[in-house]
Participant: 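My structure is below; once you've seen it, I'll send some questions.
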Amino acid sequence: RLEYSEFSFEAPAGAGWEMQRSADGAMFRKELGSPQHTLVALVTRSTGFDPAAVGYAAYATDPKVFAEYVHAAGEHAAREVADPPRFRTLSEEVVPDTRFGYCARTYQKSEDRGAPGSSVPLIMENWGYTCLMPAVANIIVQIGFSERAPPGEADPSVAQMREAFFQPFRFTNAPPAGTPPVPQA
């Protein structure tokens with residue numbers, strides 16, 4: 001189990017996972033038979049963001065506003081940080097979710113048209129949760145799992161692996177259930 005001051009989680013089960021760990025979380029990567037068929041699992045913390053400054057003032061009190069912010073932040077990252085000619089979004093969904101607390105559940109399916117070593121576009125699916133730290137609304141934690149594979153080669157057992165990775169995630173020292181996050185100065 002990997003323990004951080006505000007949360008803990010378990011590494012993905014099974015052999016072949018490579019881990020990169022930092023003070024803010026960990027990322028795991030595994031190839032499924034080829035460099036074009038990969039899995040990535042991650043948990044990461046981000047601090048100091050301010051959704052209110054970009055038009056989402058009710059993000060800490062209205063789960064729908066928080067989900068809208070998570071969606072907008074994802075679009076910004078895809079446009080400004082990622083390589084737009086390489087990736088094309090095919091479908092996406094961002095909705096409020098309470099599985100881990102005050103969160104937005106995300107799903108995105110994209111086409112990766114520039115993967116090294118691949119002559120065909122790969123299909124990438126990303127599942128995850130973006131959560132406000134309990135009682136501290138300017139820290140977010142992202143829990144994610146993705147699969148990238150050639151078209152038609154997605155592994156049907158990924159759903160079970162993904163759930164096994166998500167299931168043991170826990171916020172530690174969380175306030176009582178129902179306590180809303182509080183924006184910090």
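Along the sequence shown, the residues carry numbers beginning at 1.
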Participant: Using the salt bridge (charged side-chain N to carboxylate O under 4.0 Å, His left out) criterion, which residues pair with E111? Sequence neighbours excluded.
Facilitator: R88, R113
Participant: Please examine the side chains of V158 and L39, heavy atoms only from C-beta on, and report whether any two atoms are closer than 4.5 Å.
Facilitator: yes
Participant: Please report the C-alpha distance between T89 and Q108 in whole Å, then the side-chain angles of each, then the deciding distance to 0.1 Å, and finally whether the side-chain hydrogen bond (donor to acceptor under 3.5 Å, both in side chains) criterion is met.
Facilitator: CA-CA 7 Å; T89 301; Q108 183 181 55; 3.2 Å; yes
Participant: Can you confirm whether more than 12 heavy atoms, excluding those of E3, are under 6.0 Å from its CD atom?
Facilitator: yes
Participant: Under the rule for salt bridge (charged side-chain N to carboxylate O under 4.0 Å, His left out), what residues qualify as partners of E18, not counting sequence neighbours?
Facilitator: none
Participant: Taking the ring centre of each residue, are F171 and F169 less than 6.0 Å apart?
Facilitator: yes
Participant: Are I143 and F165 packed together at the side-chain level, in the sense that at least one heavy-atom pair is separated by less than 4.5 angstrom?
Facilitator: yes
Participant: Return each pair, listed once, that meets ring-ring contact (aromatic ring centres under 6.0 Å, His included) where at least one residue sits in residues 33-54; pairs must be two or more places apart or across chains.
Facilitator: F49-Y69
Participant: Enumerate the residue pairs fulfilling salt bridge (Lys or Arg N to Asp or Glu O under 4.0 Å) with a member in residues 120-143, sequence neighbours excluded, ordered by first and then second residue.
Facilitator: none
Participant: Is the shortest side-chain heavy-atom distance between V141 and T44 below 4.5 Å?
Facilitator: no
Participant: Can you tell me which residue pairs pass the salt bridge (Lys or Arg N to Asp or Glu O under 4.0 Å) test with a partner in residues 90-101, sequence neighbours excluded?
Facilitator: E93-R105, D97-R105, R99-E163
Participant: Once salt bridge (Lys or Arg N to Asp or Glu O under 4.0 Å) is applied, what residue pairs with a partner in residues 36-59 remain, sequence neighbours excluded?
Facilitator: E6-R45, D24-R45
Participant: Would you name the heavy atoms of N126 and S146 that are closest together and state the gap between them?
Facilitator: OD1-CB, 2.8 Å
